Amino acid sequence: MSILVIAEHDNAALKGATLNTVAAASQIGGEIHVLVAGENCGAAAEAAAQVAGVSKVLLADNAAYAHQLAENIAPLVAELAANYGHVLAPATTNGKNFMPRVAAQLDVAQLSDIIAVESADTFKRPIYAGNAIATVQSGDSVKVITVRATGFDPAAASGGSATIEAVGSAHDAGISRFVKEELAKSDRPELTAARVVISGGRGMGNGENFALLEKVADKLGAAVGASRAAVDAGFVPNDMQVGQTGKIVAPELYIAVGISGAIQHLAGMKDSKYIVAINKDEEAPIFSVADYGLVADLFDAVPELEQKL
Amino acid sequence: MKVLVAVKRVVDYNVKVRVKSDQTGVDLANVKMAMNPFCEIAVEEAVRLKEKGAADEIVVVSMGPKAAQEQIRTALALGADRGILIETDEELESLAVAKLLAKVVDEEQPGLVILGKQSIDSDANQTGQMLGALTGMPQGTFASEVNLGEGTVDVTREIDGGLQTVSLNMPAIVTTDLRLNEPRYASLPNIMKAKRKPLDTKTPADYGVEVAPRLKTLKVEAPAERQGGVKVASVDELVEKLKNEAKVV
Ligand SMILES: Cc1cc2nc3c(=O)[nH]c(=O)nc-3n(C[C@H](O)[C@H](O)[C@H](O)COP(=O)(O)OP(=O)(O)OC[C@H]3O[C@@H](n4cnc5c(N)ncnc54)[C@H](O)[C@@H]3O)c2cc1C
Ligand SMILES: Nc1ncnc2c1ncn2[C@@H]1O[C@H](COP(=O)(O)O)[C@@H](O)[C@H]1O
């Protein structure tokens with residue numbers, strides 16, 4: 001049976017996590033269709049049609065889907081799901097928001113955050129903040145799945161030539177309304193897609209000091225992240241949090257600065273290829289996962305690192 | 001307005017669990033249990049609504065083993081008025097929890113249902129959204145701010161790119177993120193008082209809900225261990241290693 005992938009996009013462009021999700025779908029096997037639901041989202045649909053491995057794009061262009069309200073998107077996806085064996089979405093805050101609503105509407109379980117495909121009905125997913133990996137099998141007729149992007153290398157963004165088909169049905173539940181959005185603007189790469197990530201923790205002391213990390217990030221083309229403690233203390237905005245309940249990253253290089261290494265933080269970054277830790281406490285648990293640990297005061301070490309890179 | 005809060009009994013967040021050698025699950029024998037941290041935030045939010053006069057009754061519900069009474073008592077000590085334990089030794093998936101909650105919602109008719117965004121054991125992040133589908137209520141997930149209006153509630157949500165605010169018709173569902181509030185501790189007198197607050201015990205059968213799991217766990221393994229690396233003595237050595245050994249800069 002075919003697989004339906006729900007695209008993550010901002011109406012104009014596809015978000016990277018869509019490509020990882022298509023990659024997961026191709027491991028399951030079967031024709032891959034992509035749903036682009038939004039408003040004036042033709043450009044995103046065009047982009048989806050180029051993705052390698054995709055044979056059809058369903059375009060649901062309607063004001064009701066403009067802000068991805070779960071109350072409106074879920075009934076659309078549930079309706080389309082009747083024709084598919086699997087429905088996949090990226091495990092982003094958006095995917096996490098509407099997919100369980102789809103699953104419940106279909107009266108099926110949801111598999112959250114899969115990191116591997118074992119077969120068409122069996123998947124691996126982390127539990128207990130990544131301290132255990134469960135292999136789970138679903139007997140449901142439609143498998144509703146969210147995909148952890150770091151578990152799958154992205155499908156190629158080009159090379160495909162899918163047809164685009166308009167989906168007419170408009171679901172406007174009329175029970176929720178978009179009010180506003182405050183999106184962080186940054187010229188840096190997205191945290192979840194960056195090749196290098198440098199994150200600061202409580203040890204940074206305040207928000208201004210994050211400028212030290214930004215200078216290093218500029219040199220390395222890195223994204224800047226943070227621990228929960230740094231976000232809670234108001235040093236930086238919430239969208240920078242890495243961890244069990246923040247963003248999951250797996251860059252080639254992760255530099256943890258003034259971060260102790262609580263299990264909830266490790267859950268978000270321990271699959272990075274190389275980990276560097278800079279911490280003045282040589283007992284800090286972060287050193288147990290770091291390939292290169294530097295016991296030093298960050299206010300000395302980080303400026304020096306920036307200079308010497 | 002009545003507020004319904006769902007609390008789950010889970011392994012304490014400080015515990016680093018170990019996988020059982022036969023790969024059937026994680027070892028929970030003699031492990032400290034606690035209220036799911038996101039549920040503590042849910043209880044706190046409800047209590048604050050009551051303190052502001054926006055809520056007049058807080059009903060707290062938990063599903064699980066008899067011992068989940070402890071988490072309900074904790075919520076009662078924090079300010080909830082009454083508890084419901086739906087007792088079962090079955091391992092409940094989010095869908096089953098949502099179905100039971102939908103029945104409780106039907107009975108209790110709350111204006112607001114507050115849940116955690118995620119259980120820290122299953123890391124599912126599903127129940128509130130599923131309850132939304134089953135009841136037809138709107139949802140404000142991953143909330144960092146909740147403001148009641150006239151028949152509506154504005155919820156500010158933590159999303160990947162920053163913050164989003166939605167306005168929901170009531171009754172509505174809210175799931176809590178970490179920054180919604182900072183939960184208080186229960187005082188000793190309140191812990192004593194909580195013992196006398198009503199706690200009803202039911203079973204899934206009382207609600208006519210089938211709770212057998214849909215997913216089969218074939219095995220549970222430990223994640224690949226990371227090899228602890230080396231300590232470098234200086235920034236120079238670090239840069240040298242990054243350039244020549246790891247070749248990542
Ligand atoms: C339900 C739940 C979910 C959570 N989710 C997350 C999550 O997603 N992400 C997350 O990160 N956390 C999460 N946490 C929080 C986590 O448990 C820790 O509290 C948090 O990660 C600690 O952040 P930190 O390492 O910055 O702070 P701390 O633990 O306070 O560590 C600060 C470190 O900085 C070092 N330091 C201080 N000054 C200097 C200096 N001048 N130079 C060098 N080093 C210095 C110290 O030695 C220390 O090791 C969660 C907790 C709960 C309960
Ligand atoms: N067994 C349970 N009893 C009561 N509430 C639950 C239970 N399981 C999940 N919940 C609620 O649903 C939230 C999200 O859980 P989950 O979908 O399992 O990640 C939790 O924070 C609780 O508020």
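As the structure is a computational prediction, the values presented were derived from the model and not from experiment.
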Under 4.5 Å from any heavy atom of chain A - which part of B:F38: side chain
task: Check each atom of B:M170 against the heavy atoms of chain A and say whether the ones under 4.5 Å are side chain, backbone, both or neither.
output: neither
message: Within this structure, what is the CG-CZ distance for the pair A:N238 and B:R179, rounded to the nearest 0.5 Å?
response: 5.5 Å
query: chain B: which of A:V136, A:I175, A:V295 shares the most heavy-atom pairs with it under 4.5 Å?
result: A:I175
- request: Please tell me if the side chains of A:V179 and B:S167 come closer than 4.5 Å, counting only heavy atoms from C-beta onward.
  value: yes
message: Heavy-atom count check: over 12 atoms from other residues, nucleotides or ligands less than 6.0 Å from B:Q227 CD?
response: no
Nearest-0.5 Å distance, OG1 of residue B:T217 to CZ of residue A:R125: 9.0 Å
field: Contacting region of B:A98 [heavy-atom separation from chain A under 4.5 Å]
entry: neither
- prompt: At a heavy-atom separation under 4.5 Å, does B:Q139 approach chain A through its side chain, its backbone, both, or neither?
  reply: both
- request: Mind checking the CG-CZ spacing from A:D271 to B:R226? Nearest 0.5 Å is all I need.
  value: 7.5 Å
- request: Step through the shown structure and confirm whether more than 12 heavy atoms of other residues, nucleotides or ligands are within 6.0 Å of OH on B:Y207.
  value: yes
message: With a 4.5 angstrom heavy-atom cut-off, is it the side chain or the backbone of B:V155 that approaches chain A, or both, or neither?
response: neither
Side-chain heavy-atom pair A:K247, B:D160 within 4.5 angstrom cut-off: yes
- request: Select one option (side chain, backbone, both, neither) describing which atoms of A:V102 are under 4.5 Å from chain B's heavy atoms.
  value: neither
message: Using heavy-atom distances under 4.5 Å, tell me whether B:A233 contacts chain A through its side chain, its backbone, both, or neither.
response: backbone
query: By a 4.5 Å heavy-atom criterion (distance strictly below it), what part of A:Q241 contacts chain B: side chain, backbone, both, or neither?
result: side chain
query: Given the options B:I120, B:T141, B:D177, B:L134, which has more heavy-atom pairs under 4.5 Å with chain A than any of the others?
result: B:I120
- request: State whether the number of non-hydrogen atoms from other residues, nucleotides or ligands found under 6.0 Å of A:E118 atom CD is greater than 12.
  value: yes
message: Do A:L305 and B:V239 have side chains that approach each other closer than 4.5 Å (heavy atoms only, starting at C-beta)?
response: yes
Donor-acceptor pairs under 3.5 angstrom involving side-chain atoms of residues 109-116 of chain A: please list them, not counting sequence neighbours.
{"from": "A:Q110", "atom 1": "NE2", "to": "A:S112", "atom 2": "OG", "distance (Å)": "3.0"}
{"from": "A:S112", "atom 1": "OG", "to": "B:A124", "atom 2": "O", "distance (Å)": "2.8"}
{"from": "A:S112", "atom 1": "OG", "to": "B:Q126", "atom 2": "NE2", "distance (Å)": "2.7"}
{"from": "A:D113", "atom 1": "OD1", "to": "A:R148", "atom 2": "NE", "distance (Å)": "3.3"}

query: Judged by atom type as modelled, is there a donor-acceptor pair below 3.5 Å linking the side chain of B:Q129 to the main-chain atoms of A:M99?
result: no
statement: Ranked by heavy-atom pairs below 4.5 Å to chain B, first place among A:E190, A:R195, A:K15, A:M240 goes to A:R195
query: With a 4.5 angstrom heavy-atom cut-off, which part of B:V17 approaches chain A: side chain, backbone, both or neither?
result: both
message: Determine whether a donor-acceptor pair (N or O, by modelled atom type, separation under 3.5 Å) exists between the side chain of A:K273 and the backbone of B:V248.
response: no
- request: Could you look at B:T127 and say if it's the side chain, the backbone, both or neither that has a heavy atom under 4.5 Å from chain A?
  value: neither
field: Stepwise side chain to side chain contact (heavy atoms under 4.5 Å, CB included) check, B:L95 with A:D107
entry: CA-CA 8 Å; B:L95 182 63; A:D107 192 28; 3.7 Å; yes
query: Mind checking whether A:N97 and B:R157 have side chains closer than 4.5 Å, heavy atoms only?
result: yes
Top contributor to chain A contacts, counting heavy-atom pairs under 4.5 Å, from B:P138, B:S94, B:A172: B:P138
- prompt: What closest approach, in Å, do B:L215 and A:S138 show between heavy atoms, and which atom pair accounts for it?
  reply: CD2-CB, 3.5 Å
message: Please identify, among B:T152, B:V166, B:T156, B:L163, the residue contributing the most non-hydrogen atom pairs under 4.5 Å to chain A.
response: B:L163
- line: Interface check, chain B: of A:T92, A:D239, A:N94, A:I127, most non-hydrogen pairs under 4.5 Å belong to A:D239
message: Counting only non-hydrogen atoms closer than 4.5 Å, does A:L183 touch chain B with its backbone (N, CA, C, O), its side chain (CB onward), both, or neither?
response: both
query: Any side-chain heavy-atom pair from A:T93 and B:E158 closer than 4.5 angstrom?
result: no
- prompt: Relative to chain B, which segment of A:T146 carries a heavy atom at a distance below 4.5 Å: side chain, backbone, both, or neither?
  reply: neither
message: If we define contacts as heavy-atom pairs under 4.5 Å, which of B:Q164, B:E225, B:E237 has the most with chain A?
response: B:Q164
message: Just so I understand: if I count every heavy-atom pair under 4.5 Å between each of A:A296, A:A134, A:A277 and chain B, which residue has the most?
response: A:A134
message: If you count every heavy atom of other residues, nucleotides or ligands that lies below 6.0 Å from B:K231 atom NZ, does the total exceed 12?
response: yes
statement: Residue from A:L69, A:V302, A:V289 scoring the most non-hydrogen pairs under 4.5 Å with chain B is A:V289
message: So which residue, B:E93, B:E182, B:K117, ends up with the most heavy-atom pairs under 4.5 Å with chain A?
response: B:K117
- request: Report the distance from atom CZ of B:R18 to atom CG of A:N131, rounding to the nearest 0.5 Å.
  value: 9.0 Å
task: Select one option (side chain, backbone, both, neither) describing which atoms of A:I275 are under 4.5 Å from chain B's heavy atoms.
output: both
message: With side chain to side chain contact (heavy atoms under 4.5 Å, CB included) as the criterion, how do A:E181 and B:I159 come out once you've worked through the C-alpha distance, each side chain's angles and the decisive distance to 0.1 Å?
response: CA-CA 9 Å; A:E181 224 158 47; B:I159 60 171; 3.9 Å; yes
message: If I measure from the heavy atoms of chain A, does B:L238 come under 4.5 Å with its side chain, its backbone, both, or neither?
response: side chain
task: For the residue pair B:V235 and A:Q307, establish whether any side-chain heavy-atom pair is separated by less than 4.5 Å.
output: no
- prompt: Does B:L168 reach the side chain of A:E71, with side-chain heavy atoms less than 4.5 Å apart?
  reply: yes
- line: To the nearest 0.5 Å, atom OG of B:S122 lies from atom OH of A:Y128 at 8.0 Å
B:D154/A:K180 salt bridge by N-O under 4.0 Å criterion: no
field: Region of A:T245 in contact with chain B, defined by heavy-atom distances below 4.5 Å
entry: both
query: Mind checking what makes side-chain contact (heavy atoms from CB on, under 4.5 Å) contact with A:A267, not counting sequence neighbours?
result: A:A129, A:Q244
- prompt: Going from CG on B:L178 to CZ on A:R228, what distance comes out if it is rounded to the nearest 0.5 angstrom?
  reply: 4.0 Å
